[in-house]
Amino acid sequence: MTLRIAEIFGPTIQGEGALIGAPTVFVRAGGCDYRCAWCDSLHAVESRFRNEWAPMTAAEVWARVTALSGGRPLTVSLSGGNPAIQDFAPLIAMGKAEGYRFALETQGSVAQDWFAALDMLILSPKPPSSGEVVDWVRFDACVTAADTAAAVMKIVIFDEADYLWAREAAERHPDLPLYLQPGNHTPPPPEEEDATIDMDGVLARMEWLVERTLADGWFRPRILPQLHVLIWGNKRGV
Ligand SMILES: C[S@@+](CC[C@H](N)C(=O)[O-])C[C@H]1O[C@@H](n2cnc3c(N)ncnc32)[C@H](O)[C@@H]1O
Ligand SMILES: Nc1nc2[nH]cc(C(=O)O)c2c(=O)[nH]1
Ligand code: SF4
Ligand SMILES: [Mg+2]
């Protein structure tokens, strides 16, 4: 069995959510069951990039991760596309045997038994601006599959409708640590290697989101920008 891998890069810092600032190596899976209107990783989503996704065995992926990390254990971030539509159990087992930790980013549309082997499951249900509709039965199955692994919720917000949606979505899982992040708009074509970013828009949405949340007296979420976007824009491989 091989994995479809769009890119493996790092070490860099985790730019988002609960592990923000933590050194990490990314393994980005190719292929996704969603088509979010504002996806900033289209090169790992759309079929027209399939020929750029390398078929790799878990052992080959693992060799690359250990080379990039110099054999020093850190947290490996599995992202995509949706990494949950492939089988990462063998890779996670290899890495854990050498003292590495694993975090996985998914929208919560496909649950896997092996989520329980993760150190952190980051669930990012999609708000109205994405154009996708969350199936909460499937989402809840992901939370259940995480079992004793730490699960967190991270919601991208572009506008008022997303914010109001996030308030309701968060209520469904009151026990999950909650992170809000402003969306970035990458002017077309977003899949370019060094696509520019609407940095002014990102910062304006961050400021608005902080003020909106605090004005509501909603003190549960942590509100964070995408740190890697502030540093590098939407550059690939960082
Ligand atoms: C590219 S996705 C891959 C993992 C998985 N498909 C998911 O959506 O959770 C990784 C993270 O980036 C976020 N993201 C994607 N496009 C974004 C954008 N334009 N602005 C802010 N966050 C974005 C997603 O919501 C998700 O939390
Ligand atoms: N540095 C960095 N942090 C990230 N956090 C989530 C990312 C992703 O695209 O999944 C990402 C990414 O691509 N780079
Ligand atoms: S679910 Fe994630 S990878 Fe898939 S299109 Fe949406 S943001 Fe992009
Ligand atoms: Mg990203």
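Every heavy atom of this structure was used, including side-chain atoms; hydrogens, water molecules and symmetry mates were not. Residues take their numbers from the sequence shown, with the count starting at 1. Every number for a ligand or one of its atoms is a count from 1 in the order of the listing.
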> Which part of Val156 is near ligand 1, with near meaning a heavy atom under 4.0 Å away: side chain, backbone, both or neither?
Replying inline: side chain

Backbone N or O of [Y] within a donor-acceptor pair of the [X] side chain at under 3.5 Å?
X      : Y      : answer
Gln86  : Gly30  : yes
Asp135 : Val137 : yes
Thr24  : Thr75  : yes

Looking at [Y] and [X], is there a salt bridge between them, counting it only when a charged N and a carboxylate O are closer than 4.0 Å?
X      : Y      : result
Asp216 : Arg167 : yes
Glu7   : Arg236 : no
Lys154 : Glu105 : yes

> In ligand 2, which numbered atoms sit nearer than 4.0 Å to a non-hydrogen atom of Val238?
Replying inline: 1 (N), 2 (C), 12 (C), 13 (O), 14 (N)

Would [X] count as a polar contact of ligand 1, with the cut-off being nitrogen or oxygen pairs under 3.5 Å?
X      : answer
Gly81  : yes
Asp40  : yes
Asn82  : no
Gln107 : yes
Ser41  : no

> Is there an N/O/S atom in Cys39 that lies less than 2.8 Å from atom 8 (Fe) of ligand 3?
Replying inline: yes

> For atom 5 (S) of ligand 3, which of Gly80, Gly108, Ala37, Cys36 has the closest heavy atom?
Replying inline: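 Closest candidate by heavy-atom distance is Cys36.
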
>> Counting only heavy atoms closer than 4.0 Å, does ligand 3 sit against the backbone of Lys126, its side chain, both, or neither?
In response: side chain

> Would you call Lys126 a ligand 1 contact, heavy-atom distance under 4.0 Å?
Replying inline: yes

>> Please verify the inter-ring angle class for Phe9 with Phe26; under 30° counts as parallel, over 60° as perpendicular, anything in between as tilted.
In response: parallel

> Is there side-chain contact between Val25 and Leu74, with at least one heavy-atom pair below 4.5 Å?
Replying inline: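 A side-chain contact under 4.5 Å exists here.
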
>> Does any part of the side chain of Tyr163, heavy atoms only, come nearer than 4.5 Å to the side chain of Thr213, both counted from C-beta?
In response: yes

> How close do Gln226 and Pro182 get, heavy atom to heavy atom, and via which atoms?
Replying inline: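 Gln226 and Pro182 have their closest heavy atoms at OE1-O, 4.1 Å.
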
> Minimum heavy-atom separation for Leu121 to Ala146, with atom names?
Replying inline: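 Closest pair (atom of Leu121, atom of Ala146, distance): CD2-CB, 3.8 Å.
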
Do ligand 2 and [X] have nitrogen or oxygen atoms that lie under 3.5 Å from each other?
X     : result
Phe26 : no
Ser79 : yes
Asp40 : no

>> Can you confirm whether or not the ring centre of Phe158 sits under 6.0 Å from the ring centre of Trp208?
In response: no

Please list, in number order, the atoms of ligand 3 under 4.0 Å from a heavy atom of [X].
X      : result
Cys32  : 1 (S), 3 (S), 4 (Fe)
Gln107 : 1 (S)
Gly81  : 3 (S)

>> Tell me whether ligand 3 is touched by Asn82 - counting only heavy atoms on the residue side and a distance under 4.0 Å.
In response: no

Side chain or backbone of [X] under 4.0 Å from ligand 2, or both, or neither, by non-hydrogen atoms?
X      : result
Arg28  : side chain
Ile13  : backbone
Leu227 : neither

